[in-house]
Every structure is written in C-alpha cells, then in structure tokens.
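Read through the structure below, which is laid out as structure tokens, and then see the notes.
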Amino acid sequence: SFEVVAAASGKEVAVGPNESIAQALTRIGIRVQMSCEQGVCGTCMCTVLEGIPEHRDSYQTDEEKAENDQIAVCCSRSLTPRLILDI
Ligand code: FES
C-alpha cells in the first residue's frame, strides 16, 4: 500500500491493495469526480504535487504520463510511498 495526501485539507490515507485511490479518498470524506472508473474518460484526473504515479489509465498520452503531473485516481497507483495530490 501507499499513502495519499489530499493537499487542500492535509488529510492522509493509506490506499490498500484492493481499493483505488478514489475509493480511499472517498472513505475519508473527500469528494472525487468520477465517470467511467476505468481510466478512459479523464473525469477523475488530479494534479500530482509530489510523488510518482504508476499510470494505469488510457486517457493520457505516453508523453503526458511521462510528465507525472496528472493522475487518474480511479485506477492509477503510486510508484513512491507517498503521493501528494492537489485535491
Ligand atoms: Fe474516467 Fe477515471 S473516472 S478516467
């Protein structure tokens, strides 16, 4: 698992192996806009302030993914122990 920090509130949550970042954020009361929940539509994209996402979406191009500044929280995970998101 890894930690996600929601920068706006400073709230932090551990994302378990069987839940998405979006589910973990929802669990601690942070509202996440979602639609497809499959990494296709881009509705759930969040800005990454710190940490490196493990991209699992098919919304961003490879070039966009390489910048590591946006993450699809419905399906992507983290390569670093902590991700700080602008949410
Ligand atoms: Fe569609 Fe995440 S909800 S990409």
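Whatever order the structure lists ligands and atoms in, that order sets their numbers, starting from 1.
At a cut-off of 2.8 Å, C74 is counted among the residues with an N, O or S atom near atom 2 (Fe) of ligand 1. None of the N, O or S atoms belonging to C44 lies under 2.8 Å away from atom 1 (Fe) of ligand 1.
Counting the atoms of ligand 1 from 1 in the order shown, those under 4.0 Å from a heavy atom of C36 are 1 (Fe), 3 (S), 4 (S). Counting atoms of ligand 1 from 1 in the listed order, those under 4.0 Å from a heavy atom of G39 are 4 (S). Those atoms of ligand 1 with a heavy atom of C41 less than 4.0 angstrom away are 1 (Fe), 3 (S), 4 (S). Near E37, the atoms of ligand 1 lying under 4.0 angstrom from a non-hydrogen atom of the residue are 1 (Fe), 3 (S). Of all atoms in ligand 1, listed by their number and element, those nearer than 4.0 Å to a heavy atom of S35 are 3 (S).
A donor-acceptor contact closer than 3.5 angstrom links the side chains of Q70 and T47.
Under a 4.0 Å heavy-atom criterion, V40 is in contact with ligand 1.
F2 is not listed as a side-chain neighbour of L79, based on a closest heavy-atom distance of 4.5 Å or more.
The heavy-atom pair separating A22 from C74 by the smallest distance is CB-CA, 4.2 Å.
Listed by first then second residue, pairs satisfying salt bridge (Lys or Arg N to Asp or Glu O under 4.0 Å) with a partner in residues 6-29 read E12-R82, E19-R27, not counting sequence neighbours.
Remark: R56 engages E54 in a salt bridge, criterion side-chain N to carboxylate O under 4.0 Å.
Put simply, M34 and I87 are part of the same group of oily side chains (I, L, V, M, F, W, Y) that touch within less than 4.5 Å, one to the next.
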